Protein chains: 2
Amino acid sequence: MSHHHEIVEALQQIGYRLTPQRMMILDAIASGDGHTSAEEIHEAVRAAYPYLDISTVYRTLGLLKALHLVSETDLGSGHAQYELLSKGLHHHLICRECGGILDVDNSFLNPLRQAIDQEHDFHAEIEHLAIFGMCNACNANLRG
Amino acid sequence: MSHHHEIVEALQQIGYRLTPQRMMILDAIASGDGHTSAEEIHEAVRAAYPYLDISTVYRTLGLLKALHLVSETDLGSGHAQYELLSKGLHHHLICRECGGILDVDNSFLNPLRQAIDQEHDFHAEIEHLAIFGMCNACNANLRG
DNA sequence: TGTCAAGTGCAATTCTGTTGCAGAAACCAG
DNA sequence: CTGGTTTCTGCAACAGAATTGCACTTGACA
């Protein structure tokens, strides 16, 4: 575990500084469940280091996004959620009725990727997808 | 054209009122290019009727969304964009490099829909999808 | 250890979207 | 056409996420 330290050191080699704040923010994202908001990251780090400012969280997330080290997803809740891309990639099915979230394996999207590549000459980078719909239970309830 | 008047009249039959504001907002969405933000709709209608408030735009969009008459998509710009669903459904490939947008036919997603339905008992409502990536031209340029 | 650019904390601000409320107006009945 | 009811609108205040300017701090490297 803690292989995200490699990420931080890689950052350093590209020319970015290795600050405690950045390490703690990466820790927080890595130890989260994969649906971590900027505010949650802020709270988590502040438990150990109360001076961390939310703007630093956003600036770090912006950096990690630009380098494709984390993915940003809006699950419809109005605030974005972040996830380490080095963890196993997966996507989400979100039920409009009960709000439940199911995980979908990344391999499900391979046929779509291939089709887009062949038909449109376009290399799709589908890092983290949120698909809305209705789960089976809610579907049954609405009809019963 | 202007077949969105049918939509407004359909609204009326479900019990909603036929107000000039709603008609003008639908006009604005329908005459847009399919990537119209709430603020753009507001501006467009205010050109003819300066008293329209932005909250009315949001309330109308919320209503149309709930009835699945318009789709809401976040193309990553931080503000949602709206499109009439009665227009032919399509999705977008957005190149991270040049910003170009390609349209993808809705049928491309059918295999994904079926797979999700079978494997996860989940009815996916993929109305308007934005997929980021790299187009062929930019891919070639970066390597050249 | 000293230098300096990158990074941080703080505070103020911007921006999108929401909400409470009073008045306006669409719809329906008569 | 008129009156009554309920929805809808405009206004203004508000909420919350994210951004920015600026002075101070600190990591990296000679």
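This one's a predicted model, so the numbers in the text were calculated from it and none came from an experiment. Just so we're on the same page: letters track the sequence lines, and every chain starts at 1.
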Report task. Mark yes or no for a side-chain to base donor-acceptor pair under 3.5 Å between R22(A) and dG27(D), with no hydrogen or angle criteria applied. Result -> no
Query raised in the report: Is R59(A) side chain donor-acceptor paired with the dG9(C) base, going by distance under 3.5 Å alone?
Result: yes
Check the phosphate of [N] against [X], side-chain N and O only, distance under 4.0 Å to OP1 or OP2. Yes or no?
X	N	value
Y51(B)	dA25(C)	no
R17(B)	dA25(C)	no
Q21(B)	dG10(D)	yes
T56(B)	dG10(D)	yes
Y58(B)	dC15(C)	no

Rounded distance in Å - [atom1] ([X]) to [atom2] ([N]):
X	N	atom1	atom2	result
I14(A)	dA28(D)	CD1	C1'	16 Å
M24(A)	dG27(D)	CE	C1'	16 Å
L63(A)	dT19(D)	CG	P	13 Å
I25(A)	dG7(C)	CD1	C1'	11 Å
R46(B)	dT9(D)	CZ	C1'	14 Å
L11(B)	dT7(D)	CG	C1'	13 Å
Q81(A)	dA18(D)	CD	C1'	16 Å
Y49(A)	dT8(C)	OH	P	9 Å

Requested in this report: Could you tell me which non-hydrogen atom of D53(A) sits nearest to which non-hydrogen atom of H42(A), and how far apart they are?
Outcome: C-NE2, 3.8 Å
Query raised in the report: Which part of the nucleic acid does I54(B) contact within heavy-atom distance under 4.0 Å: base, sugar-phosphate only, or nothing?
Result: nothing
Requested in this report: Pick base, sugar-phosphate or nothing for E39(B), based on heavy-atom distances below 4.0 Å to the nucleic acid.
Outcome: nothing
Query raised in the report: Among L18(A), T19(A), I7(A), which one satisfies side chain to side chain contact (heavy atoms under 4.5 Å, CB included) with Q12(A)?
Result: L18(A)
**Report entry** Whether T56(A) side chain and L52(A) backbone form a donor-acceptor pair below 3.5 Å
**Finding:** no
Requested in this report: Indicate yes or no: at least one non-hydrogen side-chain atom of L64(B) is less than 4.5 angstrom from one of L85(B).
Outcome: no
**Report entry** Residue D53(B), side-chain atoms from C-beta onward, closest of dC8(D), dC27(C), dC11(D)
**Finding:** dC11(D)
Report summary line: Testing dC8(D), dC27(C), dA28(D) for proximity to the side chain of T19(B), the answer is dC8(D)
Query raised in the report: With nearest nucleotides of DNA chain D determined for T60(B) and A38(A) from heavy-atom distances, which residue corresponds to the more 5′ nucleotide?
Result: T60(B)
Query raised in the report: So, do H90(B) and F108(B) have ring centers that fall under 6.0 Å from each other?
Result: no
